[in-house]
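What follows is a short report on a single structure.
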Amino acid sequence: MKMKTYFSRGNLVVKLDGEIDHHSIKEFRDELDKMIGESRPKTMILELSSIDFMDSSGLGLVLGRYKKLSEAGSKMLIKNPTPEAERILKMAGVDKLVRIIKQKDA
Amino acid sequence: MKKKESKKTNYFSCTFPAKSVNEGFARGIASAFCSQLDPTLEELCDVKTAISEAVTNCIVHAYKDEDDLKKKKITLKGEYGGSCLKITVKDCGCGIEDIEKAMQPMYSGGGEERSGMGFSIMECFTDKLAVKSKKGVGTTVILKKYIGKVSEE
């Protein structure tokens, strides 16, 4: 999995590429938490349009970051999830906690 | 809808260390094997996801208290007959004390970074899920899925 991050209008944009599983998220989770803690973004936009695979470990990653962002008074948005990722997110009810947006440009 | 199962026409078995790097490896094997049944992309994704959940459970839960790397092994077996794909994921880990509780949605014994949706996803993405476990002996997860198109050879 690859992770790209950048800031746009006070928002932290996180783009994940590749396969999200228990193995691949290990190295990125702490880095992401550090960025959230240091930058205190208004919103973290999680872009999931280039995900090839996601299982419940991806749900754990999303829900864990949602919790941390909420504690810091920040919001989370999920942008353009693949149909497979969206299916798993909705199955776990993540769409009731986090807004899922579908658009071509941020 | 219940479909009649025929005799197995192909099968595989492999054993690998319970290392997280092998989660993708297990998905790859299961995916390649399932591909022989000419699945749709959605069916293939379902199989990969269910296998990933079962294998991750072995790594995260089954061997959490085991330090001896030689004992931390996962056996993955697959077979199909007709349109029924059967995948078995077996570990020799600590076992599940309360299977019913472990299978409840959002329940996790693996800490707050685990979503507790592993078994729910396995149930939802397959046609039949069976879990056998004995404390201190290990756990076997059997997943069955009927694949739409069949190529008999």
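Letters A, B, ... are given to chains in the order of the sequence lines, protein chains preceding strands, and every chain is numbered from 1.
A continuous path of ILVMFWY side-chain contacts below 4.5 Å connects A:F28 to A:I78, so both sit in one hydrophobic cluster. Each of B:M122 and A:F53 belongs to its own hydrophobic cluster when Ile, Leu, Val, Met, Phe, Trp and Tyr are linked at side-chain heavy-atom distances under 4.5 angstrom. Hydrophobic clustering (side-chain heavy atoms under 4.5 Å, transitive across Ile, Leu, Val, Met, Phe, Trp, Tyr) groups B:L143 together with B:I99.
Of the two parts of B:L41, neither the backbone nor the side chain holds a non-hydrogen atom closer than 4.5 Å to a non-hydrogen atom of chain A. The contact between B:T56 and chain A is made entirely by side chain atoms (from C-beta outward), counting heavy-atom distances below 4.5 Å. Proximity to chain A is absent for every atom of B:N22, based on heavy atoms less than 4.5 angstrom apart. Contacts between A:I88 and chain B at a heavy-atom distance below 4.5 Å involve the side chain alone, from C-beta outward.
Summarising the geometry of A:H23 relative to B:V21, their closest heavy-atom pair is ND1-N, 3.3 Å, with the distance given to 0.1 Å. Contact record, B:S20 with A:K26: OG-NZ, 2.8 Å, taken as the closest heavy-atom pair.
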Full working for side chain to side chain contact (heavy atoms under 4.5 Å, CB included) between A:E19 and B:R27
CA-CA 11 Å; A:E19 303 201 326; B:R27 286 198 299 275; 2.6 Å; yes
Please determine whether side chain to side chain contact (heavy atoms under 4.5 Å, CB included) holds for the pair A:M91 and B:F125, giving the CA-CA distance in whole Å, both sets of side-chain angles, and the decisive distance to 0.1 Å.
CA-CA 11 Å; A:M91 188 189 291; B:F125 286 13; 3.1 Å; yes
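With respect to the salt-bridge test (charged N to carboxylate O, under 4.0 angstrom), the residues A:D52 and B:K48 do not qualify.
Interface remark: of the candidates B:C45, B:G118, B:S52, B:S52 forms the most heavy-atom pairs closer than 4.5 Å to chain A.
The only member of B:N57, B:V60, B:V55 that meets side-chain contact (heavy atoms from CB on, under 4.5 Å) when paired with A:H22 is B:V60.
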